[in-house]
Amino acid sequence: MSTQGLFTHIDHVGIAVRDLDEAIAFYEEKYGMRMAHREINEEQGVAEAMMEVGDSSSCIQLLAPLNEKSTIAKFIDKSGVGIQQMAYRVENIDEVCETLKERGLRLLYPEPKRGTAGSRINFIHPKDAGGVLVELVEPNPEGH
Ligand code: MC0
């Protein structure tokens, strides 16, 4: 797999928020963004909403913690609210993870987990990615 073409789009930028409903209202009322999708992901410990950025197919993902053990709660405690992750869309997450591992980067999960709307996701450790938590997203073809 070539260096070019590992990622196809910016899928979303994830923002840690304290209150999901308040954050959705802010993005709708101040920026005129439309909510494409909303769900609770127990495994990830988040309540989340995808806000569309025009017709770009990229979104802002609002992430609120479900409890104090959530990675989002830990992030807010340490860094405050704000950008928590950068998510790139990929066509084949298994191939991309193998390539990244060959290139010496640590993936957080041995196998992809379930992300938004049935997507398959994994993360590159922020310490291996210039201080950025990078998410890889293979969308669910049946998803939003
Ligand atoms: C931690 N660090 C970060 C960071 N979180 N750096 C940049 N961005 C972040 N978001 C840094 C810390 O400052 C620390 O640096 C070092 O990484 C280790 O942090 P830690 O506090 O010891 O470790 P933890 O326990 O906070 O874990 C960090 C880790 C965790 C990235 C492993 O947050 C994780 O597993 N994240 C992946 C899952 C996730 O984020 N889920 C929520 C979104 P220093 O220099 O102090 O050592 S769910 C989602 O996104 C789904 C729904 C989807 O999109 O479909």
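We use all heavy atoms of the structure for the numbers below, so side chains are in, but hydrogens, waters and symmetry mates are not. In each ligand, atom 1 is the first atom listed, and ligand 1 is the first ligand listed. Keep in mind it's a predicted model, so treat the numbers as computed, not measured.
- Within a 4.0 Å radius of atom 38 (C) of ligand 1, the protein contributes at least one heavy atom.
- Looking at ligand 1, you won't find any N or O of His125 less than 3.5 Å from one of its N or O atoms.
- No N or O atom of Tyr109 sits closer than 3.5 Å to an N or O atom of ligand 1.
- When atom types are taken as modelled, the side chain of Asn122 and the backbone of Leu136 share no donor-acceptor pair closer than 3.5 angstrom.
- Atom 10 (N) of ligand 1 has as its closest protein heavy atom Gln84 O, 2.9 Å.
- Ranking the protein heavy atoms by distance from atom 6 (N) of ligand 1 puts Pro126 CB, 3.5 Å first.
- Between Glu48 and Arg38 there is no salt bridge, since no side-chain N of the basic residue sits under 4.0 Å from a carboxylate O of the acidic one.
- If you check which protein heavy atom lies closest to atom 41 (N) of ligand 1, you get Gln44 OE1, 2.8 Å.
- Residue His12 has at least one heavy-atom neighbour below 4.0 Å for each of these atoms of ligand 1: 54 (O).
- Among protein heavy atoms, atom 16 (C) of ligand 1 sits closest to Lys127 CE, 3.7 Å.
- Closest to atom 51 (C) of ligand 1 by heavy atom, among Val134, Ile72, Ile121, Leu108, is Ile121.
- Close contacts of ligand 1 with Glu135, meaning ligand atoms under 4.0 Å from a residue heavy atom, involve 49 (C), 50 (O), 53 (C), 54 (O), 55 (O).
- Protein heavy atoms all stay at least 4.0 Å away from atom 19 (O) of ligand 1.
- Here the protein heavy atom with the shortest distance to atom 5 (N) of ligand 1 is Phe75 CD1, 4.3 Å.
- Sparse packing is recorded around CD1 of Ile83, with 12 or fewer heavy atoms of other residues, nucleotides or ligands lying under 6.0 Å away.
- Here the heavy atom of the protein found nearest to atom 50 (O) of ligand 1 is Gln85 NE2, 2.8 Å.
- Between the CD1 atom of Ile93 and the CZ atom of Arg120 there is a distance of 6.5 Å, given to the nearest 0.5 Å.
- By the 4.0 Å heavy-atom criterion, Lys78 is counted among the residues contacting ligand 1.
- The CG atom of Leu20 lies 11.0 Å from the CD1 atom of Ile72; values are rounded to the nearest 0.5 Å.
- The protein non-hydrogen atom at the shortest distance from atom 55 (O) of ligand 1 is Thr116 N, 2.9 Å.
- The local environment of CD in Glu28 is crowded, with over 12 non-hydrogen atoms from other residues, nucleotides or ligands closer than 6.0 Å.
- Using a 3.5 Å distance cut-off with no hydrogens or angles, the side chains of Ser119 and Arg114 do not pair a donor with an acceptor.
- Protein heavy atoms are found less than 4.0 angstrom from atom 44 (P) of ligand 1.
- In this structure, atom 27 (O) of ligand 1 has no protein heavy-atom contact shorter than 4.0 Å.
- Counting non-hydrogen atoms of other residues, nucleotides and ligands closer than 6.0 Å to NZ of Lys74 gives a total of 12 or fewer.
- In terms of polar-atom proximity, defined here as any N/O pair under 3.5 Å, Thr71 does make such a contact with ligand 1.
- The shortest N or O to N or O distance between Glu48 and ligand 1 is not below 3.5 Å.
- Within ligand 1, counting atoms from 1 as listed, the ones closer than 4.0 Å to a heavy atom of Gly115 are 55 (O).
- Contacts of Lys74 with ligand 1, taken as heavy-atom pairs under 4.0 Å, involve the side chain alone.
- Remark: distances from the non-hydrogen atoms of Gly131 to ligand 1 include one below 4.0 Å.
- Distance alone, capped at 3.5 Å, places no donor-acceptor pair between the Asp11 side chain and the Tyr88 backbone.
- Rounded to the nearest 0.5 Å, atoms CE (Met51) and OG (Ser58) are 14.5 Å apart.
- Proximity of a side-chain donor or acceptor of Ser56 to a complementary backbone N or O of Val53 within less than 3.5 Å is detected.
- Thr8 and Glu91 are not linked by any side-chain donor-acceptor pair at a separation below 3.5 angstrom, with hydrogens and angles left out of the test.
- Ring planes of Tyr31 and Phe26: perpendicular class, angle over 60° (limits at 30 and 60°).
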